[in-house]
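Remember, it's 1-based here, ligands and their atoms both numbered in the order they're listed. As the structure is a prediction and not an experimental result, all values here were calculated from the model.
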Amino acid sequence: MSKKRNDTVALTVMRYSPGTDKAPHYQTFDVKPTKDTTILDALFQVLDAQDHSLSFRYSCRSAVCGSCAMFINGRHRLACSTLVSELGREIIVQPLPHLPIIKDLVVDLTQFFERYEVVKPYVVPLKSPPEKEWIQSPKERDRINDSTDCILCAACYSSCPSVWAGKNYLGPAALLWAYRFAADTRDGVLNDRVGLVSSEDGLWRCHTIFNCTEACPKSLNPARFIQNLKRTTAKVTLRARIPFLR
Ligand code: SF4
């Protein structure tokens, strides 16, 4: 690790170029933060002035696109909303763990989004939508609650031991979205949705470990949404088997 001057912070970044490097390695850069410098800003300082080959993903810089999720000082965080000043003078930045690395801090999210698509993450109405808005009561909206705040950053997916197990488990984010649409009063295909998440790779592979909740940089609780989805699925399955249960 390099020796720091008083106004600098040592930013250690995991570097890896599959196909070129035999294994990941770490490189330390001195950066000069102000009190408002974020980890993303610090990575740009390195990119612009020290190493043009450093690769990382970003877009909105406002914690709403989810692109810059990384593993920073041992925690899943968004680089754009994490201040250097919160983390001390030695910072280690790694890509999201347990995901294939494309280069440096950029991971391959293909499988994450394929699994998200499995749950049909959109409203499928059975009747034609009204001419104006489709009114929901506050109580109906409450059922969806803050699930709509998910920014698909994949931090929860990267933190989940059932995902690490290497099967085809849908993962916390996809199941959160499955619940979000199953609970939406405008949606008309609940039975189909229950079928989509009930396979052996679906929601029953969640062992309620809560890593996802710990990892979420938006302070959501995917484990709770999965529990809600388990309850909904159990009710729908029971009703199908014992029709007089309403
Ligand atoms: S639930 Fe949280 S951690 Fe998971 S994808 Fe959504 S915002 Fe990211």
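- Atom 2 (Fe) of ligand 1 has C216 SG as protein N, O or S atoms under 2.8 Å away.
- R57 approaches V106 most closely through the heavy-atom pair NH2-CG1, 3.4 Å.
- Using a 4.5 Å cut-off between side-chain heavy atoms of Ile, Leu, Val, Met, Phe, Trp and Tyr, V236 falls into a hydrophobic cluster with L190, V194.
- Set against the non-hydrogen atoms of L152, the atoms of ligand 1 under 4.0 Å away are 5 (S), 6 (Fe).
- The only member of P161, S162, S199 that meets side-chain contact (heavy atoms from CB on, under 4.5 Å) when paired with Y169 is S162.
- The two residues S159 and H76 have their closest heavy-atom pair at CB-CE1, 3.6 Å.
- Near A154, meaning under 4.0 Å from any of its heavy atoms, are these atoms of ligand 1: 5 (S), 8 (Fe).
- Q136 and R141 share no donor-acceptor pair across their side chains, judged by distance under 3.5 Å alone.
- Side-chain contact check for S67 and S59: no donor-acceptor pair (N or O, by modelled atom type) lies under 3.5 Å.
- Shown are V31, L87, T37; of these, the side-chain contact (heavy atoms from CB on, under 4.5 Å) with V9 is made only by V31.
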